[in-house]
Amino acid sequence: MKTRIIILSLLMTLCSIFSACENQAVDITVTADITINTASVLAPFIAYDSSDLDMYPDSKVRLTCLLYDAAGALINRQDIALSDFSSSANIQEKIGSQTYTLVVVASCVSGGSLLKPEYEAYSLTGVNNLNTLNIEQIKSDISKVFDSCWQVLGFGIQENLTQSEYEPFMTLKPATALVYMNFRSIHASSNIDLYAIGWTSNNLMTFTQQNAGFSCNVDGIYDECDIEPDRYTSENLYSLFSVFPGECRTVGASFTGNNIVDWKQNSVNVQAGHQYVFQYDCSAAALTIKEGRL
């Protein structure tokens, strides 16, 4: 009798264990293999000179991949170094039973590590939640701003990503517009010491969980490109930079010493992936803006 009770007790314990195992929810994950194409970031732009969109010396492309769950919380982050924008990368993400959003950002960095570079064109903050994710344009080293692809920013978003539905190939898009600054007839006047094209534009991109989109901050920062005509023999000069979408307010001016001789204002509502020319005709003190190539 005693033996029978012990056996029944063991059977009941085993049944209890198996029952607990059956009732316990197990989230099975699937590994999603995704190939990211970054060559598409520069594809819409037409360089005036073939070297205009080269990488800045000793720089690389930082590819940041951020996976968010349905609540917008960060699940996984991967940072990958690419030699340039013509490269591609393969990533693996573990997908559970939820719906996810994948955000990929491609930007230039130089020196240091990927997470703490010595210089970076853009800084990512608030990465722990999709609704606080910001990308800010950094102007810490002006020598890197012009005449390279240093300021170009690429991004891609996959939303409603599940175990059964995700895109195995992700093509990034430019988040910025390309602008050529063109100075014409810089030796037209002998009493001008300096010409300048200045602009104010958005410098902050804010992501939103709804429709996995982003908006740009209306509070921009002022930047300027100056030339001293006595330092050049050419009549026409150009430089290039990148800006976020939105209104770009522009001024063209000429100076003698610290005194302004003439200035003109203009503005344009730039679009990501488009190309513009800000042209200052020094002989006529005229500032014009057009969309298209130089």
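Keep in mind it's a predicted model, so treat the numbers as computed, not measured. Numbering starts at 1 and runs along the sequence shown.
- Y122 is linked by a ring pair (Phe, Tyr, Trp, His ring centres under 6.0 Å) to F244, counting only residues two or more places apart in sequence or in another chain.
- At least one donor-acceptor pair under 3.5 Å links the side chain of H187 to the backbone N or O of Y232.
- For residues 169-182, the set of pairs meeting the side-chain hydrogen bond (donor to acceptor under 3.5 Å, both in side chains) definition, not counting sequence neighbours, comprises D52-Y180.
- Tracing side-chain contacts under 4.5 Å through hydrophobic residues (I, L, V, M, F, W, Y), one never reaches W263 starting from L287; they form parts of separate clusters.
- Checked against a 6.0 Å centroid threshold, the rings of Y119 and W150 do not count as neighbours.
- Counting heavy atoms from C-beta outward, Y238 and L294 have side chains that approach closer than 4.5 Å.
- Residues C108 and M55 approach most closely at SG-CE, 4.0 Å, considering heavy atoms.
- Without hydrogens or angle criteria, T162 side chain to E165 main chain gives a donor-acceptor distance under 3.5 Å.
- With contacts defined as side-chain heavy-atom distances shorter than 4.5 Å, the pair L161/T101 does not qualify.
- How far CG of D33 is from CZ of F169: 10.0 Å, rounded to the nearest 0.5 Å.
- Side-chain polar atoms of S234 and N236 form no donor-acceptor pair below 3.5 angstrom.
- When hydrophobic clusters are built by joining Ile, Leu, Val, Met, Phe, Trp and Tyr residues whose side-chain heavy atoms come closer than 4.5 Å, directly or via intermediates, F255 is not grouped with Y195.
- Partners of F183 under the ring pair (Phe, Tyr, Trp, His ring centres under 6.0 Å) rule, at least two apart in sequence or in another chain, do not exist in this structure.
- Judged as a side-chain hydrogen bond (donor to acceptor under 3.5 Å, both in side chains), the pairs with a partner in residues 276-285 (not counting sequence neighbours) are, in order, D281-S283.
- For the pair A196 and D226, the tightest heavy-atom approach, listed with the atom from each and the gap, is CB-OD1, 3.2 Å.
- A continuous path of Ile, Leu, Val, Met, Phe, Trp and Tyr side chains, each step under 4.5 Å between heavy atoms, connects I289 with I197, placing both in one hydrophobic cluster.
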Requested in this report: List the steps, then state whether side chain to side chain contact (heavy atoms under 4.5 Å, CB included) holds for T38 with L82.
Outcome: CA-CA 9 Å; T38 59; L82 301 177; 3.9 Å; yes
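- The closest donor-acceptor contact from the side chain of N202 to the backbone of L204 lies at 3.5 Å or more, if one exists at all.
- The backbone N or O of S242 sits less than 3.5 Å from a side-chain atom of Q151, completing a donor-acceptor pair.
- Counting non-hydrogen atoms of neighbouring residues, nucleotides and ligands closer than 6.0 angstrom, the CG atom of N191 exceeds 12 such neighbours.
- With ring centers used as reference points, Y68 lies 6.0 Å or more from Y100.
- For A81, the side-chain contact (heavy atoms from CB on, under 4.5 Å) partners are K60, L114, not counting sequence neighbours.
- Residues E120 and I138 share a closest heavy-atom pair of O-CB, 3.4 Å.
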Requested in this report: Could you give me the CA-CA distance, side-chain angles and deciding distance for Q265 and T250, then say whether side chain to side chain contact (heavy atoms under 4.5 Å, CB included) is met?
Outcome: CA-CA 6 Å; Q265 280 186 307; T250 312; over 6 Å; no
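- Using a 4.5 Å heavy-atom threshold, the side chains of Y56 and S110 count as separate.
- Pairing each heavy atom of N266 with each of T288, the nearest pair is ND2-CA, 4.1 Å.
- N90 and T35 form a side-chain donor-acceptor contact under 3.5 Å, judged by distance and modelled atom types alone.
- Annotation: side chain of L53 is in contact with side chain of L240 (closest heavy-atom distance under 4.5 Å).
- Looking only at distances, a side-chain donor or acceptor of Q163 sits under 3.5 Å from a matching main-chain atom of I28.
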Requested in this report: Given side chain to side chain contact (heavy atoms under 4.5 Å, CB included), test Q275 with I46 step by step and report yes or no.
Outcome: CA-CA 8 Å; Q275 189 165 324; I46 302 174; 4.1 Å; yes
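- Criterion: ILVMFWY side-chain heavy atoms under 4.5 Å apart, direct or through other members. Under it, V109 and L172 are not part of a common hydrophobic cluster.
- The environment of CG in N258 is sparse: at most 12 heavy-atom neighbours from other residues, nucleotides or ligands sit within 6.0 Å.
- Residues satisfying the side-chain contact (heavy atoms from CB on, under 4.5 Å) test with S88, not counting sequence neighbours, are none.
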Report task. Show your working on side chain to side chain contact (heavy atoms under 4.5 Å, CB included) between I36 and I91 and close with a plain yes or no. Result -> CA-CA 8 Å; I36 300 172; I91 64 170; 3.8 Å; yes
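- The backbone N or O of G112 sits nowhere less than 3.5 Å from a side-chain atom of E118 that would complete a donor-acceptor pair.
- Side chain of Q158 to main chain of E167: a donor-acceptor pair is present (N/O by atom type, distance under 3.5 Å, no hydrogens or angles).
- Side chains of V179 and V277 form no contact here, defined as non-hydrogen atoms less than 4.5 Å apart.
- Take D262 and apply the salt bridge (charged side-chain N to carboxylate O under 4.0 Å, His left out) test, not counting sequence neighbours, and it matches K264.
- Among residues two or more places apart in sequence or in another chain, the side-chain contact (heavy atoms from CB on, under 4.5 Å) test is passed with T125 by S123, N134.
- With sequence neighbours excluded, no residue forms a salt bridge (charged side-chain N to carboxylate O under 4.0 Å, His left out) with R293.
- The salt bridge (Lys or Arg N to Asp or Glu O under 4.0 Å) pairs that include a residue from residues 236-247 are E247-R249, where partners are two or more places apart or lie in different chains.
- At least one side-chain heavy atom of I227 sits under 4.5 Å from a side-chain heavy atom of I186.
- No donor-acceptor pair closer than 3.5 Å links the side chain of S201 to the backbone N or O of C248.
- When atom types are taken as modelled, the side chain of S185 and the backbone of A188 share no donor-acceptor pair closer than 3.5 angstrom.
- For Y222, there are no ring pair (Phe, Tyr, Trp, His ring centres under 6.0 Å) partners, not counting sequence neighbours.
- A single hydrophobic cluster is not seen to contain both V251 and V243; linkage of ILVMFWY side chains at heavy-atom distances under 4.5 Å, directly or through other members, places them apart.
- Annotation: side chain of D79 is not in contact with side chain of L63 (no heavy-atom distance under 4.5 Å).
- Judged as a side-chain contact (heavy atoms from CB on, under 4.5 Å), and not counting sequence neighbours, the contacts of N76 are L67, Q78, E93.
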